[in-house]
Participant: 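What follows is a structure written as structure tokens; I'll ask about it next.
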Amino acid sequence: MNPDATSISIRNVAKTYDDGTAALKATDIDIKAGEIVALLGPSGCGKTTLLRSIAGLETPDVGSEILFGNENVVDVPSEKRHIGMVFQHYALFPTMNVAANVAYGLKVRGVAAADRNARVDELLEKVRLTAFANKRVQELSGGQRQRVALARAIAPRPRVLLLDEPLTALDAKLKESLRDELAELLRQFGITAIHVTHDQQEAMAIADRLAVMNRGVIEQVADARTLYEKPATAFVAEFLGHINALDCDTLKRIGVESAADSLYMRPEHVRVDVQDRGELTGQVTRIIYQGDRQRALIAIDGAQLIKADVTAAETIRVDQRVGLSFPRERLFALSDKK
Amino acid sequence: MNPDATSISIRNVAKTYDDGTAALKATDIDIKAGEIVALLGPSGCGKTTLLRSIAGLETPDVGSEILFGNENVVDVPSEKRHIGMVFQHYALFPTMNVAANVAYGLKVRGVAAADRNARVDELLEKVRLTAFANKRVQELSGGQRQRVALARAIAPRPRVLLLDEPLTALDAKLKESLRDELAELLRQFGITAIHVTHDQQEAMAIADRLAVMNRGVIEQVADARTLYEKPATAFVAEFLGHINALDCDTLKRIGVESAADSLYMRPEHVRVDVQDRGELTGQVTRIIYQGDRQRALIAIDGAQLIKADVTAAETIRVDQRVGLSFPRERLFALSDKK
Amino acid sequence: MLQPRRLQYVHIALLTPVATLFVAFWLIPAFNLILLPLSRLGVAEGLARYAQVVGNARYLEALFNTFALSLGVTLCTIVLSACVGFYLSRFCSARHRGWLLAVLTLPLSFPGVIIGFYIILLGGRQGVIADLSELSGGERITFAYGFMGLFLGYIYFSLPRAIASFAAASDALDKALEEAAITLGASRWQVLFDVIIPGLRETAIASAAIVFATAMGAFGTAFTLSAKLEVLPITIYNEFTNYANFATAAILSLLLGAITWLVLLVARRMTDAKGALL
Amino acid sequence: MLQPRRLQYVHIALLTPVATLFVAFWLIPAFNLILLPLSRLGVAEGLARYAQVVGNARYLEALFNTFALSLGVTLCTIVLSACVGFYLSRFCSARHRGWLLAVLTLPLSFPGVIIGFYIILLGGRQGVIADLSELSGGERITFAYGFMGLFLGYIYFSLPRAIASFAAASDALDKALEEAAITLGASRWQVLFDVIIPGLRETAIASAAIVFATAMGAFGTAFTLSAKLEVLPITIYNEFTNYANFATAAILSLLLGAITWLVLLVARRMTDAKGALL
């Protein structure tokens with residue numbers, strides 16, 4: 001692990017705007033040194049506010065504590081927090097070339113030119129942009145720019161790296177490849193990192209743990225598997241992947257008794273039988289081929305619509321009658337209802 | 001099917017810019033009346049140029065033919081082609097309210113106010129925005145705006161609907177839900193539709209057939225299953241989902257002889273055995289939990305890196321030694337190499 | 001963004017010129033002008049003078065002339081420069097356009113007084129038009145010294161910046177809106193009236209306000225040309241210089257300033273422009 | 001975007017005013033001015049006059065005065081208005097700022113000649129400063145009629161638009177660049193010099209060019225204040241009106257126009273501004 005990396009403790013951090021709206025309600029979260037945590041949620045959920053409060057670019061409400069190791073930095077100005085930040089739209093300095101951008105954080109700290117150049121060379125090599133050192137940033141593609149921005153943020157060996165939707169501005173396929181590269185680089189650097197995104201795939205691919213946020217509140221913090229398999233709230237369940245909410249009526253018909261109004265099951269756990277055998281029968285209304293599987297929408301006779309995944313090889317047609325079974329061990333309840 | 005829908009034949013459509021760069025090389029494609037076709041590819045592949053040529057917003061090279069039914073519209077001005085278009089950034093008229101936006105195409109065609117209002121009401125109901133009829137477009141969210149844009153494009157009953165990255169500007173989760181709604185609505189309207197996107201998930205979810213484009217050329221046109229299972233080129237194989245390219249060395253070690261330099265296999269078809277049995281053995285370097293499965297990166301001893309999918313339930317750890325098998329029926333060759 | 005909390009020094013460093021400017025350039029002059037009639041003439045007579053000036057037919061006529069002239073120039077400038085600006089933005093290659101703008105903004109390089117002389121050379125008593133009209137058998141036509149001369153002179157120096165503003169605004173129009181209208185079946189004229197003109201509305205208001213204000217205060221051109229048509233800046237000049245009538249000059253200045261300022265204020269309220277043009 | 005191919009009518013409708021403007025407002029005046037000395041004095045003497053004027057010490061001094069004054073005003077205006085504009089953009093709530101801008105642009109509402117009078121009222125022989133300096137036991141200080149008076153007057157009418165331009169440009173700065181610099185450890189001054197000032201560079205050049213051009217051609221203020229310092233617009237006026245020396249006036253106009261136009265041209269080349277500010 002990187003010796004510069006710090007643990008971070010967020011205590012009671014909240015942000016209320018002057019007009020009284022709470023962008024972020026009192027929030028606590030602990031991040032270990034070297035850990036990569038994603039703040040995941042839809043627009044307006046408060047994830048960016050939390051990140052910017054950690055960065056010192058937003059002033060949280062009185063009483064908020066942000067601990068870097070043991071030091072409360074809430075009153076430390078941003079430029080003295082020793083952080084690195086990567087922005088959605090790159091925010092590279094347009095008047096400087098690639099190397100000067102990467103060197104900037106070292107220059108303002110008064111690092112000698114020779115050391116600066118060595119560090120810049122090292123980082124440009126890491127992000128595979130050595131050949132671009134003297135290019136103007138305007139000549140680079142989006143993916144290249146974001147790699148420069150990452151190198152620039154990492155160059156001064158910050159205590160924590162903050163990433164604000166770093167891949168959102170990129171094309172789907174490019175996003176995927178840069179996502180893997182970013183995950184790899186962050187692990188190489190061994191740096192504590194907080195990564196804001198609205199994309200659950202991206203969060204799962206990059207982060208060690210995910211904090212799912214909604215309406216200014218962290219609903220659950222856990223690793224991807226726990227979030228997916230044991231979601232605390234319907235929001236978390238719905239935000240990571242898809243769910244079927246089985247209503248009372250459906251539950252009664254499959255003979256399940258439950259104190260909750262509904263129980264949940266993920267589409268890949270619903271068993272579909274093309275021979276029309278199962279606990280319930282229904283009619284296929286739509287099939288979406290997804291390459292490695294098919295997502296079927298099935299209308300249970302006289303009742304609700306169920307999403308179910310079948311293998312890509314299964315022959316299933318729209319309007320076909322199929323049987324559905326709901327393995328009991330895959331049914332789960334939630335404390336909170338949306 | 002919608003009686004207004006038309007078939008479209010693209011014949012020899014190309015676009016060369018004044019500076020000699022070919023944005024689109026001579027292209028042919030046939031679209032049936034009522035069919036939904038996606039033009040799929042990375043930025044700069046020519047997909048938008050093709051769409052805009054069909055819309056009449058771009059003038060293709062001399063010799064290009066664009067047939068709506070039997071009519072060659074290549075010299076017909078855009079406003080007389082009777083098309084509907086949906087733009088990436090909505091392009092709603094900021095000086096008009098929601099209803100006036102939807103009514104605009106009817107108004108310029110001189111449709112009487114009563115008929116116009118009836119049609120606007122019908123469409124706002126379809127896109128679930130009846131309550132927003134008198135709102136200013138600035139008050140709407142991104143998803144709502146794009147639904148207004150869709151209603152506006154559909155209102156004058158166009159012969160073809162052209163969608164230019166309609167979901168790209170939206171959040172990941174919102175994109176997913178609007179994607180399903182859009183797919184549903186397009187089928188209800190029964191309209192011929194051409195949908196440009198760089199997102200293969202989106203294309204698979206919405207379109208009947210996909211035309212995968214690269215560097216100004218359509219590499220393959222087919223339904224999603226054919227593209228995924230029988231890709232014509234490495235580019236297509238890579239763009240829809242992921243592939244492993246097994247090199248000569250690896251092929252020799254598993255005893256496969258091939259005329260091609262490499263054969264391909266998708267990650268979900270590679271069999272992983274955690275008990276270390278298989279044709280080859282390797283070490284797990286990284287695991288990405290993806291909810292309904294886990295993607296493992298496995299370094300074959302002394303050779304290449306293989307991507308393989310295992311079920312979410314499988315217990316597999318980084319650094320674990322595993323066995324790999326390559327079912328022969330899943331290996332495929334490609335004519336073209338990237 | 002730089003946070004106020006952490007930029008106290010910058011804040012204070014910046015506040016000093018702001019405060020100085022405000023006091024020196026606004027507060028003192030405004031009070032000075034308002035109080036001048038009272039201090040020069042005594043309170044009673046000063047107030048009486050206020051009433052006199054506002055009721056004086058000659059002054060009111062000069063004010064009306066100035067206002068009508070400015071209004072006409074504004075309307076004409078906006079229509080012309082909207083056409084030219086839009087044309088430059090859409091139908092000129094970047095190369096041509098740079099040169100055309102450089103050429104069209106040439107009048108910015110000449111003081112108003114030179115423009116006045118030019119109008120005299122063109123339409124004065126010994127002007128080109130007079131010679132030509134006589135040669136072709138008619139009377140010697142002169143137009144330099146009245147409404148027409150002022151009108152042309154004012155338009156000449158108003159056009160360049162208005163054209164540049166409209167060219168920039170036309171560049172900034174969202175092309176997708178026009179494309180949306182076209183694909184919905186709108187003719188070119190419908191696109192023009194439904195999309196382009198509403199899109200240029202803010203620029204038109206802002207430019208109009210600036211042109212109006214400039215025309216209201218134009219002196220150099222007026223000084224050379226206003227032999228037959230009295231405009232207020234000249235009246236003020238005469239009161240001050242020729243009759244040393246400081247109190248009247250101050251009151252007329254206030255009147256002219258107030259009207260112009262009001263127009264600027266209304267225009268600013270009508271646009272969302274954050275000071276870019278106004 | 002509207003395609004030229006399909007907008008022939010609009011194209012032609014727009015081309016007419018463009019062509020008319022170009023001929024009427026540029027081609028004819030330019031040739032007229034250039035040829036005037038030759039047509040009035042004959043070719044030989046006309047050319048000789050060109051040489052005479054360019055070599056005349058008094059004219060050159062007036063030109064130098066005008067140039068030095070304009071340059072000083074430009075530098076001072078840019079520094080002040082950059083501070084004020086940035087301040088308005090960053091530290092003023094939208095409400096306050098609307099009012100502040102309305103107030104600061106008040107000078108736009110006054111003709112140059114009124115500004116000239118105001119300077120006389122302030123720093124003239126019977127001015128406030130003279131009275132005050134006498135009362136406090138010193139000499140009667142007057143500064144209205146020389147360099148200082150012109151300098152203040154010019155600054156007064158140059159500031160408002162420059163401030164508005166800088167406020168708009170400060171709004172348009174990408175805040176993420178400043179945040180990037182801050183998170184990289186830059187102090188407030190480093191942010192100012194490395195990010196904000198480079199970001200306002202284009203606005204500074206464009207504003208400077210406009211201020212310079214306006215100062216070069218200022219007439220109303222100069223006319224009331226240039227008793228002790230001759231500036232070129234006044235020289236031209238005198239040649240034309242008092243001595244009816246049309247040929248000399250035309251040559252001096254060309255000289256003044258050419259210098260100003262050159263400055264505008266260079267500024268336009270130095271910026272990517274597509275006519276927004278220039």
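Worth knowing before you read on, the calculation uses all heavy atoms, side chains too, and leaves out hydrogens, waters and symmetry mates. Just so we're on the same page: letters track the sequence lines, and every chain starts at 1.
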Participant: Count the heavy-atom pairs under 4.5 Å between each of A:Ile288, A:Asp199, A:Asp171 and chain B, then report the option with the highest count.
Facilitator: A:Asp171

Participant: Does either side chain, that of A:Glu329 or that of A:His269, offer a donor lying less than 3.5 Å from an acceptor on the other one?
Facilitator: no

Participant: Identify the two heavy atoms, one from B:Leu240 and one from B:Met204, that lie closest to each other, and give their separation to 0.1 Å.
Facilitator: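 Between these two residues, the closest heavy atoms are CD2-SD, 4.0 Å.
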
Participant: What distance do A:Ile206 atom CD1 and A:Asp180 atom CG have between them, rounded to the nearest 0.5 Å?
Facilitator: 8.0 Å

Participant: Can you name the closest pair of heavy atoms from B:Ile316 and B:Val322 and give their distance?
Facilitator: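 Looking at all heavy atoms of both residues, the closest pair is CD1-CG1, 4.3 Å.
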
Participant: Among A:Arg295, A:Gln294, A:Lys175, which residue has the highest count of heavy-atom pairs closer than 4.5 Å to chain B?
Facilitator: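 Going by pairs under 4.5 Å, I would pick A:Gln294.
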
Participant: Could you tell me which portion of B:Glu202 (side chain, backbone, both or neither) has an atom closer than 4.5 angstrom to a non-hydrogen atom of chain A?
Facilitator: neither

Participant: Is atom CZ of B:Arg215 surrounded by more than 12 heavy atoms (other residues, nucleotides or ligands) closer than 6.0 Å?
Facilitator: no

Participant: Sub-4.5 Å heavy-atom contacts with chain B: which residues of residues 37-46 of chain A show up?
Facilitator: A:Pro42, A:Ser43

Participant: Identify the heavy atoms of B:Pro166 and B:Val86 that sit nearest to each other, and give their distance.
Facilitator: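 Here B:Pro166 and B:Val86 meet closest at CB-CG1, 4.0 Å.
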
Participant: If the plane angle is over 60° it's perpendicular, under 30° parallel, otherwise tilted; pick one for A:Phe332 and A:Tyr264.
Facilitator: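 The arrangement is parallel - the two ring planes meet at less than 30°.
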
Participant: Could you look at A:Gln290 and say if it's the side chain, the backbone, both or neither that has a heavy atom under 4.5 Å from chain B?
Facilitator: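 It is both, since atoms from each part get that close.
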
Participant: Using a 4.5 angstrom heavy-atom cutoff, name the option from A:Arg187, A:Arg225, A:Glu184 with the most pairs to chain B.
Facilitator: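 Winner by heavy-atom pair count: A:Arg225.
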
Participant: If you count heavy-atom pairs within less than 4.5 Å of chain A, which of B:Glu229, B:Gln200, B:Gln201 leads?
Facilitator: B:Glu229

Participant: Considering residues, nucleotides and ligands other than B:Lys135, do more than 12 of their heavy atoms fall under 6.0 Å from its NZ?
Facilitator: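 No, not enclosed.
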
Participant: Check each atom of B:Arg286 against the heavy atoms of chain A and say whether the ones under 4.5 Å are side chain, backbone, both or neither.
Facilitator: side chain

Participant: With no hydrogens and no angle check, do the side chains of A:Glu165 and A:His195 hold a donor and an acceptor under 3.5 Å apart?
Facilitator: no

Participant: Does any backbone or side-chain atom of B:Arg266 lie under 4.5 Å from a heavy atom of chain A? Answer side chain, backbone, both or neither.
Facilitator: neither

Participant: Tell me whether B:Arg271 at atom CZ has more than 12 heavy atoms from other residues, nucleotides or ligands lying less than 6.0 Å away.
Facilitator: no

Participant: Quick one: what part of A:Arg293 sits under 4.5 Å from any heavy atom of chain B, side chain, backbone, both or neither?
Facilitator: side chain

